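As the structure is a prediction and not an experimental result, all values here were calculated from the model.
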Amino acid sequence: MINTDNMLWQECLSRLERQYPLDEINTWLRPLRLTNEQGQIRLCAPNDIVCERIRQLYLPTIQAILLQLGADADLDIELSVMSSTSPRAQQPRSSVAALSSGLYPNYTFNKFVQGKSNEIALGAALQVAQNPGRVYNPLTLYGSTGLGKTHLLHAAGHMIKERNPKARVVYLTSEQFVTQLVNALSSKNINNFKQLYRHVDTLLIDDIQFIAGKDRSQEEFFHTFNALVDLQQQIILTCDRYPKEISNLEERIQSRLGWGLAVSIEPPDYETRVAILLQKAEEKNWAINNDVAELLASKVRSSVRDLEGALNTLCANAHFKGVAISVDFARETLRELLSIHDRMITVDMIKKKVVEFYHLRESDMVSKKRSRSIARPRQVAMSLSKELTDLSLPDIGQAFGGRDHTTVLHACRKVEELMRSDPQLAEDRRLLMRSLT
């Protein structure tokens, strides 16, 4: 049975994610619950603070989105605080328990789709969750937004709690860390702040790059880091780039992060994107077939979040119109979105990026030269073209100086083989992939 209220709110959230930063979504918007009884839409917030914040900053946008999704033009949203009998209101009230309840229930390992782009990060997160404080400490997961870093962060937290229910696991974003520190300083309550974060068993912080340039926050994080590592308590972080690439992040913090393991997550390949779509649809009891999943996977290549957003939009429209989801319906419903993604990456863009990266001439990409300094970057460009565009092998070969499709296939296989034995090539391709996506 499909929960239509939940479907409506998930689609609304998906659109809000395109307008607001992830930390705002997680802090203020994701905790809301929507009900729709006899045309009266009610948004329930967990407390008065969230309720007032929504009223001041987000309510007009939410109302506009609900109108786009088919709500009545005279829609009047009722905003209220969840009753004391609701499950969320009955959670433990101690400071650590309240923070640890921030783990998203659906972000578990068994709901994470493994692929080549994330298998190392998944393996590292599993090892840490099974042996907290003893293998990689800290573990830093880095990569572009919407690739699954936060999912793995929460999944590790869930497994640690499952294996040891008494473990004090605390999750927060770096923005929340900074906000709570500022509040503690202004209320002269800094000692309580220190006690809270220096006596947990596992500390999970999302988007650590946001503390860069904030001197007092970096100072407090540095001492919290040292206290937890000295006690062999686990730290898991995420950030949007390799830690040493974060500007205005203190060198001593970069050094501490280097004590553990930093693992990148790349955009998912085609097969993984199809698997993600089918799993997401199954979780929500939405009926889509392989052809529809393959269409979306071939067009939306940027991130898991964009994939899920496209799926939510498609399924919401199908539900409200009372029609089955076909390839034609998907093409029509997502026409603008698919058109945008079609224009995102071209072979010419890839060739230009590779030429700039390796300091070559554009003519080298189509020349007959076979010196390794030119042939290898050309093979990398072909490999990226196969993964990031919809062109056939013959079309890609044509774009690289009229080469045969077997040359392109050989280039792709060669790059994949070399990445397993040549860390520098693997890092080069990762950086190029990140800059393109």
Side-chain angles (χ1 to χ4, degrees), residues 22-23 26 102-103 107 109 112 114 117-160 169-178 197-198 200-214 217-267 303-304 423 426-427 430-431 433-434:
L22 183 59
D23 60 296
N26 291 338
L103 292 175
Y107 281 9
F109 283 122
F112 187 83
Q114 179 180 352
S117 60
N118 59 38
E119 59 187 359
I120 297 177
L122 172 60
L126 277 167
Q127 287 192 50
V128 163
Q130 293 163 355
N131 303 280
R134 292 177 174 80
V135 282
Y136 308 123
N137 201 14
L139 172 63
T140 305
L141 306 172
Y142 67 94
S144 300
T145 183
L147 299 182
K149 304 186 300 295
T150 298
H151 190 141
L152 286 179
L153 194 70
H154 286 266
H158 280 300
M159 178 172 281
I160 290 170
V169 178
V170 172
Y171 164 80
L172 72 165
T173 66
S174 63
E175 196 71 25
Q176 290 171 324
F177 184 87
V178 171
Y197 290 112
R198 296 182 193 180
V200 300
D201 297 305
T202 298
L203 180 62
L204 313 170
I205 300 184
D206 232 341
D207 295 319
I208 196 64
Q209 72 272 5
F210 287 120
I211 71 168
K214 300 178 176 68
S217 297
Q218 293 192 77
E219 176 80 16
E220 188 55 43
F221 174 77
F222 175 78
H223 293 300
T224 299
F225 181 101
N226 287 342
L228 292 177
V229 172
D230 287 347
L231 293 171
Q232 289 192 310
Q233 311 292 59
Q234 183 66 48
I235 300 172
I236 311 178
L237 311 169
T238 72
C239 62
D240 64 353
R241 73 207 79 167
Y242 185 59
K244 290 189 179 295
E245 296 177 0
I246 302 175
S247 58
N248 298 321
L249 186 65
E250 291 181 3
E251 186 176 342
R252 60 178 179 169
I253 293 180
Q254 291 183 342
S255 174
R256 293 299 190 277
L257 298 184
W259 289 358
L261 176 67
V263 184
S264 70
I265 300 182
E266 304 298 336
S303 73
V304 177
E427 179 67 5
R430 183 189 69 77
L431 291 172
M433 174 71 81
R434 193 172 75 185

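- At distances below 3.5 Å, not a single donor-acceptor pair connects side-chain atoms of Lys149 with backbone N or O atoms of Ile265.
- Residues Ala125 and Ala156 come closest through the heavy atom pair O-CB, 4.2 Å.
- By the ring-ring contact (aromatic ring centres under 6.0 Å, His included) test, Phe109 is found to be paired with no residue, residues two or more places apart in sequence or in another chain being considered.
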Tell me, with the steps shown, if Val170 and Ile205 meet side chain to side chain contact (heavy atoms under 4.5 Å, CB included). CA-CA 8 Å; Val170 172; Ile205 300 184; over 6 Å; no
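- Between the Gln218 side chain and the Glu250 main chain, a donor and an acceptor come within less than 3.5 Å of each other.
- Note: Glu427 CD to Arg430 CZ = 4.0 Å, rounded to the nearest 0.5 Å.
- To the nearest 0.5 Å, the span separating CG on Leu431 from CE on Met433 amounts to 11.5 Å.
- For residues 231-243, the side chain to side chain donor-acceptor pair (under 3.5 Å) pairs, not counting sequence neighbours, are Asn137-Gln234, Asp201-Gln233, Asp206-Thr238.
- Glu266 pairs by the salt bridge (Lys or Arg N to Asp or Glu O under 4.0 Å) definition with nothing, not counting sequence neighbours.
- Minimum interatomic distance between Leu204 and Gly157 (heavy atoms only, all atoms of both residues): CD1-CA, 4.0 Å.
- Of the possible donor and acceptor atoms, none in the side chain of Thr140 sits under 3.5 Å from a partner among the backbone N and O of Leu237.
- With contacts defined as side-chain heavy-atom distances shorter than 4.5 Å, the pair Ile235/Leu139 does not qualify.
- Annotation: the span from Gln176 atom CD to Phe210 atom CZ amounts to 12.0 Å, rounded to 0.5 Å.
- The distance from the CD1 atom of Ile160 to the CD atom of Gln130 is 10.0 Å, given to the nearest 0.5 Å.
- When every heavy atom of Met159 is checked against every heavy atom of Ala129, the shortest pair comes out as SD-CB, 3.6 Å.
- Every residue two or more places apart in sequence or in another chain that forms a side-chain hydrogen bond (donor to acceptor under 3.5 Å, both in side chains) with Asn226 is listed here: Arg256.
- A pairwise comparison of heavy atoms in Ser264 and Ala121 identifies O-CB, 4.2 Å as the closest pair.
- Around CG of Leu231, the count of heavy atoms belonging to other residues, nucleotides or ligands within 6.0 Å exceeds 12.
- Between His151 and Tyr107, the ring-plane angle classifies as parallel under the 30° and 60° cut-offs.
- Using a 4.5 Å heavy-atom cutoff, the side chains of Ile208 and Phe221 are in contact.
- When all heavy atoms of Leu153 and Leu141 are compared, the closest pair comes out as N-CD1, 4.5 Å.
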Show, in sequence, the C-alpha distance, side-chain angles and deciding distance for Ile211 and Leu249, and conclude whether the side chain to side chain contact (heavy atoms under 4.5 Å, CB included) test is met. CA-CA 7 Å; Ile211 71 168; Leu249 186 65; 4.1 Å; yes
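- Under the ring-ring contact (aromatic ring centres under 6.0 Å, His included) criterion, Phe177 pairs with Phe193, Tyr197, not counting sequence neighbours.
- In terms of heavy atoms, Gln209 sits closest to Ile246 at CB-CD1, 4.0 Å.
- Within the structure, salt bridge (charged side-chain N to carboxylate O under 4.0 Å, His left out) contacts touching residues 218-232 (residues at least two apart or in different chains) are Arg198-Glu220, Glu219-Arg252.
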